[in-house]
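Quick note: numbers below take in every heavy atom, side chains included, and nothing from hydrogens, waters or symmetry partners. In what follows, chains are A, B, ... by sequence order, proteins preceding strands, each numbered from 1.
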Amino acid sequence: MRIATWNVNSVNARLENVLAWFEAEAPDVAVLQEIKCVDEKFPTEAFERLGYNVVVHGQKTYNGVALLSKHPVEDVRKGLPLLEGDAEDEQARYVEAVISGPKPVRVVGIYLPNGNPLGTEKFAYKLSWMRRLHEHAKGLLAFEEPLVIAGDYNVIPEVEDVANPEAWLGDALFQPESRGAFRALKNLGFSDAYMQADGSPGGYTFWDYQAGAWPRNLGIRIDHLLLSPQAADILEDVTIHRDERDKEKPSDHVPVVARLAL
DNA sequence: ATGCCGGGTGGAACCCGA
């Protein structure tokens, strides 16, 4: 079973590329981020024609996530639980479902807050969102079942994950607090699928539209799939679909696909 | 990268992304 994550930077602006990729690759399950539309504007029928069950957690203009599955889905959750004292969260950044394939696997799609600029409410929101994810993930791990938390984490985990580290020192994606929270999440017992299956430096998943970042390969690795031990044990390979960044009207992120022996 | 690009909104100029 192949599970994909892709920040598409507007599903409707990207529809031609996205549908072509799904036709060619036909992942069993995919999570999309930054769909940038409400549920009613999501191209649900187009994905249904390709054989997908569609779960959308949309929002006008910003954010928005979706989960697509060729198998039936159960136990759908939209939105990350709040912690005590948290204010309501209006931002659509979390979707979760159990995929009822040959063997069940729980798949979570996240669009973790960017957090820039530092020293603002946005950075505080990023860190508080990561605390919420940490607590919820701990609960999911306790099921001791195959679990994949995939998405745009907006965290550069290590110096090997960025072409030009100096340029990112003042950025929320590369702060010690952000990297520490990602490491703490991983240390609950997750395996970073790319690091487990490949691990070579330069496995970038994002290149800025500006300043020739793509032709100069000034990328960062921020789209990750974290695997529970039961999922890590059956990981076969991980593929970063770099070619998508070279298409007409590309997203600034490319798809990442993990194959599990399910 | 101070926003050089790109998307959305709304119908110009501004917000947001990473």
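Toward the 5' end of DNA chain B, the nearer of the two residues A:I220 and A:D208, judged by each one's closest nucleotide, is A:D208.
Distance CD1 (A:I156) to C1' (B:dG17): 14 Å, rounded to an integer number of Å. Between the CD atom of A:Q59 and the P atom of B:dG17 there is a distance of 11 Å, rounded to whole Å. Atom NZ of A:K126 is separated from atom C1' of B:dC16 by 14 Å (rounded to the nearest Å). If you measure from atom CG of A:L218 to atom C1' of B:dC5, you get 15 Å, rounded to the nearest angstrom. When the C1' atom of B:dC5 is taken as reference, atom CD of A:E248 falls 15 Å away, rounded to whole Å. Across the protein-nucleic acid pair, A:N116 atom CG and B:dC15 atom C1' stand 15 Å apart, rounded to whole Å. Across the protein-nucleic acid pair, A:F206 atom CZ and B:dG17 atom P stand 12 Å apart, rounded to whole Å. If you take CG of A:N63 and P of B:dC15, they are 17 Å apart, rounded to a whole angstrom.
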Could you run down the sub-3.5 Å N/O contacts of the protein with nucleotides 6-11 of chain B?
from	atom 1	to	atom 2	distance (Å)
B:dG7	OP1	A:R14	NH1	3.3
B:dG7	O3'	A:S10	OG	3.2
B:dG8	OP1	A:S10	OG	2.3

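Cation-pi geometry between A:K70 and A:Y52 is satisfied (NZ or CZ under 6.0 Å from the ring centre, within 45° of the ring normal).
Residue pairs satisfying the salt bridge (Lys or Arg N to Asp or Glu O under 4.0 Å) criterion with at least one member in residues 190-210 of chain A, sequence neighbours excluded, are listed as follows: A:D192-A:R221.
A:F182 and A:H224 have tilted rings, their planes meeting at an angle from 30° to 60° on a 0 to 90° scale.
When heavy atoms are screened at a 4.0 angstrom cut-off, A:Y111 is found touching the sugar-phosphate backbone but no base atom. When heavy atoms are screened at a 4.0 angstrom cut-off, A:N7 is found touching the sugar-phosphate backbone but no base atom. Looking at heavy-atom distances under 4.0 Å, A:A172 makes no contact with the nucleic acid at all.
At most 12 heavy atoms of other shown residues, nucleotides or ligands fall within 6.0 angstrom of atom CD in A:E16.
A salt bridge links A:K138 to A:E135: one of the charged nitrogens lies within less than 4.0 Å of a carboxylate oxygen.
Rounded to the nearest Å, the gap between the P atom of B:dA12 and that of B:dG6 is 23 Å. Across B:dG10 and B:dC16, the matching C1' atoms stand 16 Å from one another, rounded to whole Å.
Looking only at atom types and distance, the side chain of A:Q33 has no donor-acceptor partner in the side chain of A:D152 under 3.5 Å away. Defined by atom type and a distance below 3.5 Å, a donor-acceptor pair is missing between the side-chain atoms of A:H253 and A:W6.
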